[in-house]
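Structure first, then comments.
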Amino acid sequence: MTLRPLTGPEELDLFRSLPYALNDELAGDLAEGRRKPSWMWVALHGDRVLARVAWWSRPGDAVPLLMDVFDLDDAGAAGPDPFDAGVRLLRAALPAVPADGARPEYLRFVPPGWRTDPVERRAVENRMAALERTGARLLVERLRWEWTPRDAAAPPDRERDAAAPSGPARDGLTPPGPVRTPTALTPTALTFRPPRDREELLTLMTSVLDGTLDAHSRAELGRMSARAAAVRQYEEELVRYRSPREWWRVAVSPGGEPVGFVIPARNDYHAIIAYLGVVPTHRGKGYADALLAEGTRVLTAQGVPRIRAATDLGNVPMSNAFRRAGYRDFEGRIDMTWD
């Protein structure tokens with residue numbers, strides 16, 4: 001068995017011999033500096049790929065931000081065990097790929113209802129088990145949401161929403177019909193404006209971490225203060241989006257008090273709702289609906305074909321807000337980390 005990184009982009013077809021949702025993005029990522037051949041490893045038996053692993057970064061970064069590909073050959077062909085090959089590959093590649101302190105987090109996209117599909121469940125759990133052999137653990141499972149004009153075609157069914165279970169639903173596409181604008185979902189007395197400056201947004205970001213349901217934020221609060229966590233997210237994520245900061249919005253009450261914020265943005269692939277928060281003293285008033293509607297409005301004004309977002313599986317209030325705004329949960333995500 002051979003364990004090695006790719007020699008260059010010319011081996012991309014070899015790497016893509018195992019199926020996964022990100023295969024179509026790999027060539028573009030290499031061309032635009034989000035991946036390096038030295039961050040893309042394979043376990044080979046002859047010319048058969050038994051396992052593969054890859055890392056991703058923002059364009060031009062010297063160290064990866066995420067491990068977002070780890071696959072095993074699930075075909076069941078005779079020969080070495082792909083699970084064992086995957087564990088050996090991880091143990092060889094993890095120390096060889098540069099890291100800035102802690103190892104980059106691992107994530108995997110999974111289809112809705114993956115636990116009810118025996119084949120998909122076995123594939124996901126095998127990969128998780130292999131990662132656990134190297135010391136990784138599950139951090140959180142997340143839901144990925146998508147809004148398109150078709151998803152917003154029908155008016156919200158208030159009776160359905162009232163009768164919906166407390167957990168996140170898995171609705172399909174709504175039927176076509178007259179398109180409702182996102183702002184029509186949540187009429188409130190709030191007004192919206194861009195943040196006045198960096199300090200105003202950082203103050204709001206610090207405040208919303210009080211009582212947060214987000215697993216990543218809670219983990220950060222175990223290592224640093226709320227202010228430090230807010231500064232880190234602002235500097236390492238928000239200001240690095242390619243879209244204008246003029247899209248960002250602060251929600252203001254009739255009395256002039258900022259009550260929350262939303263960060264509509266564009267990453268390297270899609271328009272997104274990057275971050276949304278309501279200050280603790282104003283939660284439970286429907287302001288998350290208004291903020292989400294405003295963020296969606298800002299992005300649809302740019303003519304984007306779709307908007308994506310994500311939230312933790314356990315963050316039921318935010319999942320329900322996405323549902324009410326016409327978003328559908330089209331995919332899940334498994335996040336694992338090394339302590």
(request) Nearest 0.5 Å please: distance from the CG atom of Leu6 over to the CG atom of Leu12. (result) 7.5 Å
(request) For Glu10, enumerate each residue passing the salt bridge (charged side-chain N to carboxylate O under 4.0 Å, His left out) test, keeping only those at least two apart in sequence or located in another chain. (result) none
(message) Holding to side chain to side chain donor-acceptor pair (under 3.5 Å), I want the full list of residues that pass it with Tyr241, two or more places apart in sequence or in another chain.
(response) Glu237
(message) Can you tell whether the side chains of Arg133 and Asp84 come within less than 4.0 Å, N to carboxylate O?
(response) no
(request) Decide yes or no for Leu44 and Val49: does some side-chain heavy atom of the first lie under 4.5 Å from some side-chain heavy atom of the second? (result) yes
(message) Is there a path of hydrophobic side-chain contacts, each under 4.5 Å between heavy atoms of I/L/V/M/F/W/Y residues, joining Leu14 to Trp41?
(response) no
(message) Measuring only between side-chain heavy atoms, which start at C-beta, is Arg91 closer than 4.5 Å to Thr134?
(response) yes
(request) Apply side-chain contact (heavy atoms from CB on, under 4.5 Å) to the pair Thr212 and Leu221, showing each step before the final yes or no. (result) CA-CA 10 Å; Thr212 180; Leu221 292 175; 4.2 Å; yes
(request) Please report the C-alpha distance between Glu141 and Trp114 in whole Å, then the side-chain angles of each, then the deciding distance to 0.1 Å, and finally whether the side chain to side chain donor-acceptor pair (under 3.5 Å) criterion is met. (result) CA-CA 12 Å; Glu141 184 171 347; Trp114 64 271; 3.1 Å; yes
(request) Please work out which of the three classes, parallel, tilted or perpendicular, describes the rings of Tyr106 and Phe70, given edges at 30° and 60°. (result) perpendicular
(request) Decide yes or no for Asn23 and Leu26: does some side-chain heavy atom of the first lie under 4.5 Å from some side-chain heavy atom of the second? (result) yes
(request) Please examine the side chains of Arg16 and Asp13, heavy atoms only from C-beta on, and report whether any two atoms are closer than 4.5 Å. (result) yes
(message) Can you list everything that forms a side chain to side chain donor-acceptor pair (under 3.5 Å) with Trp247? Sequence neighbours excluded, please.
(response) none
(request) Give a yes or no on whether Arg58 atom CZ has more than 12 heavy-atom contacts from other residues, nucleotides or ligands under 6.0 Å away. (result) yes
(message) For Asp81, is the CG atom crowded, meaning more than 12 foreign heavy atoms sit under 6.0 Å from it?
(response) yes
(request) Only counting residues at least two apart or in another chain, list the ones meeting side chain to side chain donor-acceptor pair (under 3.5 Å) with Arg103. (result) none
(request) With side chain to side chain donor-acceptor pair (under 3.5 Å) as the test, would you mind laying out the steps for His270 and Glu146 before giving the verdict? (result) CA-CA 10 Å; His270 303 285; Glu146 183 175 82; over 6 Å; no
(message) Taking the side chain as everything from C-beta on, heavy atoms only, tell me whether His216 gets closer than 4.5 Å to Gln233.
(response) no
(request) Return yes if some donor-acceptor pair links the side-chain N/O of Trp248 with the main-chain N/O of Phe261 below 3.5 Å, else return no. (result) no
(request) Please examine the side chains of Arg198 and Val239, heavy atoms only from C-beta on, and report whether any two atoms are closer than 4.5 Å. (result) no
(request) Might you work through the side chain to side chain donor-acceptor pair (under 3.5 Å) test for Thr300 and Trp147, ending with a clear yes or no? (result) CA-CA 10 Å; Thr300 56; Trp147 184 95; over 6 Å; no
(message) Just to verify, what does Arg240 make a side chain to side chain donor-acceptor pair (under 3.5 Å) with, not counting sequence neighbours?
(response) Asp61
(message) Through direct or indirect side-chain contacts below 4.5 angstrom among Ile, Leu, Val, Met, Phe, Trp and Tyr, which residues connect to Val140?
(response) Leu139
(request) Check the pair Arg115, Glu125 against salt bridge (charged side-chain N to carboxylate O under 4.0 Å, His left out), reporting the backbone distance first and the verdict last. (result) CA-CA 9 Å; Arg115 287 184 176 84; Glu125 292 182 346; 5.7 Å; no
(request) Could you tell me which non-hydrogen atom of Glu105 sits nearest to which non-hydrogen atom of Met336, and how far apart they are? (result) CG-O, 3.0 Å
(request) Start with the C-alpha gap between Arg108 and Glu331, add the side-chain angles, then the distance that decides, and say whether salt bridge (charged side-chain N to carboxylate O under 4.0 Å, His left out) holds. (result) CA-CA 10 Å; Arg108 181 174 184 82; Glu331 194 171 50; over 6 Å; no
(message) With heavy-atom distances below 4.5 Å as the criterion, would you say the side chains of Leu89 and Met1 are in contact?
(response) no
(request) Could you tell me whether Asp197 atom CG has more than 12 heavy atoms of other residues or ligands within 6.0 Å of it? (result) yes
